[in-house]
Structure formats: structure tokens, C-alpha cells
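All remarks here apply to the structure that follows.
Please read all numbers here as calculations on a predicted model, not as lab measurements.
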Amino acid sequence: SSGINAEYGGLRHHVPEEELREALVAVVCNLKPANMRGVKSHGMLLCASDKDHTKVEVLRVPEGSKPGERITGESFTEAPDAQLNPKKKIFEKVQTDLTTDGSLQVTYRGELLRTSVGPLTAPSLASAVIR
């Protein structure tokens, strides 16, 4: 594709590439790099999805957030691992508790996930899973 990295790979059928150009997005960037369709992927773009994965939306990062800024919650007191051990399936365990609430805000175990300027949101999917 013309400039969009492998992190976009599985979203081609759900999200127009133009929507991602110059967009500030939420990415899990401490996963072990993996080859996806012949391109090394160094992260995973976070999206909200309905239960049957027919509607997928890229999470919105609040305007004014800085590229590379850490997404946190109030109870996140430790620094993140530099790289998650894929054998321990840490992200897969965390992912089961990532969702959107009735206000479209992204939560982990009910706690808002945010940058320094505000919460992450989904465009329209409430009670969505985050993948």
C-alpha cells in the first residue's frame, strides 16, 4: 500500500486508508515485531469492533494529544514493559477487559483510558470490544 504500514493490514476491508492518513491513532507499540504480509509490523492499531466483527472503527485520540504519548488509566502506576513476552500472552489477557462504555469512551476494567488531554473514544460503537 502507499505508505500505510502493516499495522493497517487486517483493517483494509473495514477502514478506508484515507481515514488514517495524518490521523492521530492509538497503537500498542511494545509487542514483539511480527511479519505481516511480508512487512515487519512493530505495533497494533487499536479499534473498536462490534461482537461479530462486522463493524470496525479506529479509536479516536483526543485532539491535542502528542504523537508517542502514553495512554494511561488512574491505576496504571508502573512503567510498561519495553516488549511484551508473546509466550505469556499478556496483551491477549488485557484485551478481554478493554471495551467502550455507553459514552463511547474506552475503558479497561471500567477505568477510562486517556492521554494527558482526555479519554480515548470510539466514533459510534458503545459496548464494543477493543482489538
Can you list every salt bridge (charged side-chain N to carboxylate O under 4.0 Å, His left out) pair that touches [range], not counting sequence neighbours?
range	value
residues 116-131	none
residues 43-56	Lys55-Glu57
residues 62-74	none

Tracing side-chain contacts under 4.5 Å among Ile, Leu, Val, Met, Phe, Trp and Tyr outward from Leu24 reaches Val61
**Message:** If we ignore hydrogens and angles and just use 3.5 Å, is the side chain of Thr100 paired with the main-chain N or O of Ala128 as donor and acceptor?
**Reply:** yes
Go through the structure and list residues passing side chain to side chain donor-acceptor pair (under 3.5 Å) with [X], not counting sequence neighbours.
X	result
Thr121	none
Thr99	none
Thr107	none

Exercise. Check whether any side-chain heavy atom of Val129 sits under 4.5 Å from a side-chain heavy atom of Leu98, and report yes or no.
Key: no
Notebook entry, point to check: Are side-chain heavy atoms of Phe76 and Ile71 found at a separation under 4.5 Å?
Noted result: no
In terms of heavy-atom contacts, Val117 and Gly64 come closest through CG2-C, 3.9 Å
Residues in side-chain contact (heavy atoms from CB on, under 4.5 Å) with [X], at least two apart?
X	answer
Leu104	Ala126
Ser75	Glu111
Ser103	Asp101, Gln105
Arg109	Asp97

Cluster overlap [X] with [Y], hydrophobic side-chain contacts below 4.5 Å:
X	Y	result
Leu125	Leu46	no
Leu59	Val94	yes
Ile130	Leu112	no

Fill in: side-chain contact (heavy atoms from CB on, under 4.5 Å) evaluation trace for Thr96 with Lys93
CA-CA 6 Å; Thr96 62; Lys93 292 173 187 171; 5.5 Å; no
d(Ser124 OG, Arg60 CZ) to nearest 0.5 Å is 8.0 Å
